[in-house]
Amino acid sequence: MQTTDLRIFLAVAATGGLSAAGRHLNLAVMQVSRRIAALEEELGVRLFHRTTRSMSLTAEGEALLPYAHTISDADDNALNELRPQSARVSGTLRLTAPTVFGQSIVIPLLPALLQQHPLMSVDLHLSDQIVDIVGLGLDLAIRVATLGDSELVARKIAPNPWVICAAPRYLDFHGSPATLAELEHHQCVLLRPVLKWPLMIDGHLQKRQLGGRVTANSVEAVRTAAVQGLGLAMLGYWDVVGELASGALVRIELEDALMDDLSVWAVTPTRRYVPARVKVFLDALEQALKKD
């Protein structure tokens, strides 16, 4: 068995399809299909159940999986020991991130990362929607919302608490709320679909409906509206960290309520088949988030 064929086998098993595996490996779908067929012919067994939309492992494929991981990992370890440090990370890192987080946090990491790893490139997909990373053949998703049940592998990178904030000019004119009762008399810029703000009151999470004349469906729009003085906004800390640092927005703390806490999560299709380019990116991201 060729190690290349086993890597393709692992990619198809992890992504559930030929197209997604091909995108993941920078191979044409026909190449992936031929190598899987060749591996099955060599072994004399069928490794995948095939449908028009997906592929799943047969019992024989499940039996091959741990051996394929062992051989692939051993090959990676040997190559990494022999290669120069700069050549160990290569290929295209395909990742998705929320729009504002990607613009504010991810993109500033790239110059140093790409300079350090000249054989690496990045394909960044910015979206505030939850995208199918397996179907799109992505290596990684950065998510800043509460995670639902999933077969994907999630790793917590950093805390990301909700923050109530407003522009200085708004606070100069309307004052700064100190309690829930005062908060209810303020104009709020609302993010669809988070129209009710999650607040920890007496140790219990409650969602409060607040009034506002401006509602938007993107974090960037809500942040911009808040900076323009249109009202109080509730956004994740990493969405407004730059504005808080510059003074464009001011953080507001309530005496009788705390903000619900979110986290920044790194989500990958599988725990075992994680390219080195993903690992070095996550290391850089963790270091950047620790600085603030």
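Every value quoted in this text rests on a predicted model; they were computed, and no experiment measured them.
In this structure the side chain of R46 reaches within 4.5 angstrom of the side chain of R50, judged on heavy atoms. Put simply, the side chain of V241 does not reach to within 4.5 Å of the side chain of L249, judged on heavy atoms. With a 4.5 Å cut-off on side-chain heavy atoms, T96 and I142 do not count as touching. Side-chain contact between V280 and M120 is present, with heavy atoms from C-beta onward closer than 4.5 Å. Residues Q206 and L199 have side chains not in contact (no heavy-atom distance under 4.5 Å, counting atoms from C-beta outward). Side-chain contact check for L93 versus D123: every heavy-atom pair is 4.5 Å or farther apart. Residues R223 and L235 have side chains in contact (heavy-atom distance under 4.5 Å, counting atoms from C-beta outward). The side-chain heavy atoms of I252 and P177, taken from C-beta on, include a pair separated by under 4.5 Å.
The distance from the CG atom of D5 to the CD atom of E40 is 11.0 Å, given to the nearest 0.5 Å. Rounded to the nearest 0.5 Å, atoms CG (L210) and CG (L183) are 5.0 Å apart. To the nearest 0.5 Å, atom NE2 of residue H125 and atom OG1 of residue T99 are 8.5 Å apart. Atom SG of C165 and atom CG of L171 lie 9.5 Å apart (nearest 0.5 Å). Rounding to the nearest 0.5 Å gives a distance of 11.5 Å between NE2 of H24 and CD1 of I8. Note that the CZ atom of R143 and the CH2 atom of W265 stand 12.0 Å from one another [nearest 0.5 Å].
More than 12 non-hydrogen atoms from other residues, nucleotides or ligands lie less than 6.0 angstrom from CD of Q209. Residue-environment remark: NE2 (H49) exceeds the threshold of 12 foreign heavy atoms within 6.0 Å.
Clustering ILVMFWY residues whenever any of their side-chain heavy atoms sit less than 4.5 angstrom apart, transitively, puts V264 in the very cluster that holds L110. No continuous path of ILVMFWY side-chain contacts below 4.5 Å connects L140 to I130, so the two sit in separate hydrophobic clusters. No chain of hydrophobic side-chain contacts below 4.5 Å, direct or via other Ile, Leu, Val, Met, Phe, Trp or Tyr residues, connects L232 to M200. Tracing side-chain contacts under 4.5 Å through hydrophobic residues (I, L, V, M, F, W, Y), one reaches L109 starting from F101; they form part of the same cluster. No path of Ile, Leu, Val, Met, Phe, Trp and Tyr side chains, each step under 4.5 Å between heavy atoms, connects L262 with L258, placing them in separate hydrophobic clusters.
At a threshold of 4.0 Å, the pair R94-D139 does not count as salt-bridged, since none of the basic side-chain nitrogens sits closer than that to a carboxylate oxygen. Electrostatic pairing of E286 and R155 counts as a salt bridge here, judged by a charged N lying under 4.0 Å from a carboxylate O.
Residues A11 and L25 come closest through the heavy atom pair CB-CD1, 3.6 Å. For the residue pair L282 and I157, the shortest heavy atom distance occurs at CD2-CD1, 4.3 Å. Contact record, I36 with F9: CD1-CA, 3.7 Å, taken as the closest heavy-atom pair. Contact between V189 and A225 at its shortest, heavy atoms only, is CG1-CB, 3.8 Å. Taking all atoms of both residues into account, the shortest heavy-atom contact from T92 to S121 is OG1-OG, 2.8 Å.
The closest donor-acceptor contact from the side chain of S127 to the backbone of Q129 lies under 3.5 Å. When atom types are taken as modelled, the side chain of S33 and the backbone of V29 share no donor-acceptor pair closer than 3.5 angstrom. Under a 3.5 Å cut-off, the side chain of Q103 and the backbone N or O of V100 do not form any donor-acceptor pair. Panel note: side chain N160, backbone W238; a donor-acceptor pair is recorded below 3.5 Å. No side-chain donor-acceptor contact under 3.5 Å links Q287 to the backbone of D283. Listed for the R277 side chain is a donor-acceptor partner under 3.5 Å among the backbone atoms of S90.
Considering only residues two or more places apart in sequence or on other chains, Y170 meets the ring-ring contact (aromatic ring centres under 6.0 Å, His included) condition with H174, H186.
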